[in-house]
Colleague: 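Please find one structure pasted underneath; my questions will follow.
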Amino acid sequence: MDVNEALRMVLKAAIVADGLVRGIREAAKALDKRRAHLCILATNCQEPMYIKLVEALCNEHNIPLLKVDDNKKLGEWSGLCKIDKEGKARKVVGCACVVVTDWGEENEGHFFLKNYIKQNSK
């Protein structure tokens, strides 16, 4: 299992538990209120001030920050798309920032991600 697969599993569980905040405005609110367990940021975000804001809030409140390379991929993982009959994502909306406020069901991806964050935070 790699980080992207674990992240996808965690985001799916968080969607089910209604513990996922999408978009820069809602993410900034959740980070500022310290309700966030994890923050995921797309590195290809068009606005550099978004990246600075999210990184600053995560550093200030000691919230783990993971970065993914594509905002379309992050949008698909966070449920901002339509699923067709074959199960493929269509009309994917890009998302610059996603915050997990409730882990939901603890699965294999959850434990992998927690260990990954613990190892990389040192």
Side-chain angles (χ1 to χ4, degrees):
M1 176 180 287
D2 66 332
V3 178
N4 288 339
E5 183 66 27
L7 195 56
R8 198 171 59 82
M9 291 173 70
V10 166
L11 291 177
K12 192 172 186 179
I15 289 171
V16 171
D18 196 29
L20 198 64
V21 175
R22 305 169 196 93
I24 190 69
R25 184 181 174 132
E26 290 182 29
K29 286 182 191 177
L31 290 170
D32 205 27
K33 291 179 182 176
R34 293 181 173 92
R35 290 186 347 204
H37 298 297
L38 172 68
C39 182
I40 301 104
L41 180 67
T43 56
N44 68 340
C45 176
Q46 300 296 324
E47 190 64 43
M49 292 303 290
Y50 285 177
I51 296 171
K52 285 183 182 179
L53 173 68
V54 172
E55 287 176 345
L57 285 171
C58 287
N59 286 335
E60 182 181 338
H61 301 308
N62 296 324
I63 296 168
L65 175 68
L66 292 178
K67 294 185 179 181
V68 295
D69 54 352
D70 188 22
N71 61 354
K72 293 284 187 185
K73 193 186 309 180
L74 184 58
E76 180 182 341
W77 291 347
S78 61
L80 295 175
C81 63
K82 299 280 185 188
I83 307 295
D84 65 3
K85 293 177 184 175
E86 290 88 39
K88 296 195 170 131
R90 303 278 182 222
K91 296 184 181 179
V92 179
V93 177
C95 186
C97 184
V98 172
V99 172
V100 176
T101 57
D102 182 9
W103 292 106
E105 159 188 335
E106 293 183 349
N107 52 26
E108 183 182 349
H110 172 83
F111 296 116
F112 180 87
L113 215 53
K114 281 206 165 196
N115 287 335
Y116 178 80
I117 291 168
K118 195 180 294 183
Q119 289 172 356
N120 290 346
S121 65
K122 293 178 183 177

Colleague: Start with the C-alpha gap between Leu31 and Cys58, add the side-chain angles, then the distance that decides, and say whether side chain to side chain contact (heavy atoms under 4.5 Å, CB included) holds.
Modeller: CA-CA 7 Å; Leu31 290 170; Cys58 287; 4.0 Å; yes

Colleague: Extract all donor-acceptor atom pairs below 3.5 Å that involve side chains of residues 103-111 and protein atoms in other chains or at least two apart in sequence.
Modeller:
residue: Asn107; atom: OD1; partner: Gly109; partner atom: N; Å: 3.3
residue: Asn107; atom: OD1; partner: His110; partner atom: N; Å: 2.9

Colleague: Side-chain heavy atoms under 4.5 angstrom apart, residues restricted to Ile, Leu, Val, Met, Phe, Trp, Tyr: same cluster for Leu7 and Ile117?
Modeller: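 The answer is yes; both residues are in one hydrophobic cluster.
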
Colleague: Which donor-acceptor pairs under 3.5 Å do the side chains of residues 9-29 make with protein atoms, sequence neighbours left out?
Modeller:
residue: Arg22; atom: NE; partner: Ser78; partner atom: O; Å: 2.6
residue: Arg22; atom: NH2; partner: Ser78; partner atom: O; Å: 3.2

Colleague: Using the rule given for side chain to side chain contact (heavy atoms under 4.5 Å, CB included), can you reason through Asp32 versus His61, listing the C-alpha separation, both sets of side-chain angles and the distance that settles it, and then say yes or no?
Modeller: CA-CA 8 Å; Asp32 205 27; His61 301 308; 3.5 Å; yes

Colleague: Quick check: is Leu38 connected to Val3 through a chain of hydrophobic side chains (ILVMFWY, heavy atoms under 4.5 Å apart)?
Modeller: yes

Colleague: How far does NE2 of His37 sit from CG of Asp102, to the nearest 0.5 angstrom?
Modeller: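 It is 6.0 Å, given to the nearest 0.5 Å.
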
Colleague: Show which side-chain atoms of residues 91-98 pair as donor or acceptor with protein atoms under 3.5 Å away, not counting sequence neighbours.
Modeller:
none

Colleague: Is it true that Leu74 and Leu66 fall in one hydrophobic cluster, defined by side-chain heavy atoms closer than 4.5 Å?
Modeller: yes

Colleague: Can you name the side chain to side chain donor-acceptor pair (under 3.5 Å) partners of Asp70, sequence neighbours left out?
Modeller: Asn44

Colleague: How many angstroms lie between CH2 in Trp77 and CD1 in Ile40, if you round to the nearest 0.5 Å?
Modeller: 9.0 Å

Colleague: Distance-only criterion, 3.5 Å: show the donor-acceptor pairs between side-chain atoms of residues 46-57 and protein atoms not counting sequence neighbours.
Modeller:
residue: Glu55; atom: OE2; partner: Lys67; partner atom: NZ; Å: 2.5

Colleague: Residues in side chain to side chain contact (heavy atoms under 4.5 Å, CB included) with Asp69, at least two apart?
Modeller: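 If we apply the side chain to side chain contact (heavy atoms under 4.5 Å, CB included) test to Asp69, skipping adjacent residues, the hits are Thr43, Lys73.
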
Colleague: Hydrophobic clustering (ILVMFWY, side-chain heavy atoms < 4.5 Å, transitive) - are Val68 and Leu113 grouped together?
Modeller: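 Yes, Leu113 and Val68 fall within the same hydrophobic cluster.
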
